[in-house]
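Since we're looking at a predicted model, the values are computed, not measured.
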Amino acid sequence: MAGRNWAKGAGAAFAVHAFTASGAVLGLLALQAASDRRFDAVFLWLGLALVVDGIDGTIARRVGVAARLPRYSGEILDLVVDYLTYVVVPAQVLVVAGLVPAGLVWPLAAAILVSAAFYFADTAMKTPEGGFRGFPAIWNVAIFLLMVFGLPPLANAGIIAVLVAATFAPFGFVHPFRVVRFRPMTLVVLALWMLAAGLSVAAGLAPPPGVTVVLAVTTAYLGLIGLALRAPLR
């Protein structure tokens, strides 16, 4: 009986890991869509990958994955999938979408890939409040916003360069689900951001001005609240 219960628990834990790994499949679908220049499909797949990434940890803790299947690290698995969906796919979008001047495409794509690799390997990326140090390599969000806002290529290049540098900057970037101070407000803003982002994808990344304004305001809040909270970086 005990062996059966152990096998059942291990099976549930493996299923959670498989759910996390399914983000890699979504990443491959997004990568193919980027190669085909179907950018609304790219961010649809990446949005689904974000949903997987957002809930798999909660499921893993409830199932007790770490104790039931200690051979496989959920944290490492999550980082592998995240590097594909947060970094590699957006870098491919940058290469094919004409977002920046042609001569800067490959240097900026390389800067994204290398800086994000260092960030994902940083054992001190988390703050004491559960947020992140510097720009947390969420290039899926950054490239999505550049696609929606439609800024001039040179301006896009400057923003990308600033974000690459900000990857190593000593400031806090909040995790919207883990922040303690202003959590209710932050969750409301996040919900508005997600709604505006969904409407933008549905509109083929060319939403009406009202949606764009909501996306800009909520992005500014989520990006700057870490500075306002002045989370200690120990």
Return the minimal non-hydrogen interatomic distance between [X] and [Y], and the atom names on each side.
X	Y	result
L104	A157	CD1-CB, 3.8 Å
A24	V81	N-CG1, 3.6 Å
L84	P90	O-CD, 4.3 Å
G204	D40	CA-CB, 4.1 Å
A30	L46	CB-CD2, 3.8 Å
A34	V42	N-CG2, 3.2 Å

>> Please list all pairs meeting ring-ring contact (aromatic ring centres under 6.0 Å, His included) that have one or both residues in residues 188-215, counting only residues at least two apart or in different chains.
In response: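 Sorted result for residues 188-215: empty, none.
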>> According to ring-ring contact (aromatic ring centres under 6.0 Å, His included), does anything in residues 197-219 pair up with another residue at least two apart or in another chain? List the pairs.
In response: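 Checked against ring-ring contact (aromatic ring centres under 6.0 Å, His included) - neighbours excluded - no pair reaches residues 197-219.
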> Among all residues two or more places apart in sequence or in another chain, which pass the side-chain contact (heavy atoms from CB on, under 4.5 Å) test with V201?
Replying inline: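 For V201 the side-chain contact (heavy atoms from CB on, under 4.5 Å) partners, ignoring immediate neighbours, are F43, L44, F144, L205.
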>> My understanding is that only residues two or more places apart in sequence, or in another chain, count here; which of them pass side-chain contact (heavy atoms from CB on, under 4.5 Å) with A155?
In response: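 Only L151, P152 meet the side-chain contact (heavy atoms from CB on, under 4.5 Å) criterion with A155.
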> Are there more than 12 heavy atoms of other residues, nucleotides or ligands under 6.0 Å from atom CZ of F19?
Replying inline: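 Check passes, neighbour count above 12.
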Answer yes or no: is there a side-chain heavy-atom contact under 4.5 Å between [X] and [Y]?
X	Y	value
V93	F39	yes
V87	F120	yes
P209	T212	no

>> According to ring pair (Phe, Tyr, Trp, His ring centres under 6.0 Å), who are the partners of W139, at least two apart in sequence or on a separate chain?
In response: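 With neighbours one apart ignored, the set is F135.
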>> Assess the residue pair L146 and I160 against the criterion (side chain to side chain contact (heavy atoms under 4.5 Å, CB included)); give the C-alpha distance rounded to whole Å, side-chain angles, the decisive distance to 0.1 Å, and a yes or no.
In response: CA-CA 9 Å; L146 294 183; I160 291 171; 3.9 Å; yes
>> One pair to check against side chain to side chain contact (heavy atoms under 4.5 Å, CB included): V89 and N140. What are the steps and the verdict?
In response: CA-CA 7 Å; V89 174; N140 49 349; over 6 Å; no
Nearest 0.5 Å, please: how far is [atom2] in [Y] from [atom1] in [X]?
X	Y	atom1	atom2	answer
L192	L187	CG	CG	11.0 Å
L99	F149	CG	CZ	13.0 Å
H17	D78	NE2	CG	10.5 Å
T20	D82	OG1	CG	9.5 Å
T186	L222	OG1	CG	7.0 Å

Applying the 4.5 Å side-chain criterion to the ILVMFWY set and letting contacts propagate, would [X] and [Y] be lumped into a single cluster?
X	Y	result
L79	L113	yes
L190	V214	no
L48	I55	yes
L94	V148	yes
L50	I112	yes

> Hey, what else clusters with L154 if you join Ile, Leu, Val, Met, Phe, Trp, Tyr whenever side-chain heavy atoms sit under 4.5 Å?
Replying inline: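 Besides L154, the hydrophobic cluster comprises nothing; the residue is isolated.
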> Which other residues end up in the same hydrophobic cluster as L28, if Ile, Leu, Val, Met, Phe, Trp and Tyr are linked when side-chain heavy atoms come under 4.5 Å apart?
Replying inline: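 Answer for L28: none, a lone residue.
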> Residues in side-chain hydrogen bond (donor to acceptor under 3.5 Å, both in side chains) with S200, at least two apart?
Replying inline: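 Scan of S200 (side-chain hydrogen bond (donor to acceptor under 3.5 Å, both in side chains), adjacent residues dropped) gives none.
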> With S22, which residues qualify under side-chain hydrogen bond (donor to acceptor under 3.5 Å, both in side chains), at least two apart?
Replying inline: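 With sequence neighbours excluded, S22 shows a side-chain hydrogen bond (donor to acceptor under 3.5 Å, both in side chains) to no residue whatsoever.
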> Taking only residues at least two apart or on different chains, which pairs with a member in residues 83-104 satisfy side chain to side chain donor-acceptor pair (under 3.5 Å)?
Replying inline: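 Sorted result for residues 83-104: S35-Q92, D53-Y86.
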> Restricting to pairs with a member in residues 101-122, which pass side chain to side chain donor-acceptor pair (under 3.5 Å), not counting sequence neighbours?
Replying inline: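 Listed once each, the pairs would be none.
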>> Taking salt bridge (charged side-chain N to carboxylate O under 4.0 Å, His left out) as the definition, give me every residue that meets it alongside D36, ordered by chain and number, with sequence neighbours left out.
In response: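 So D36 forms a salt bridge (charged side-chain N to carboxylate O under 4.0 Å, His left out) with R38.
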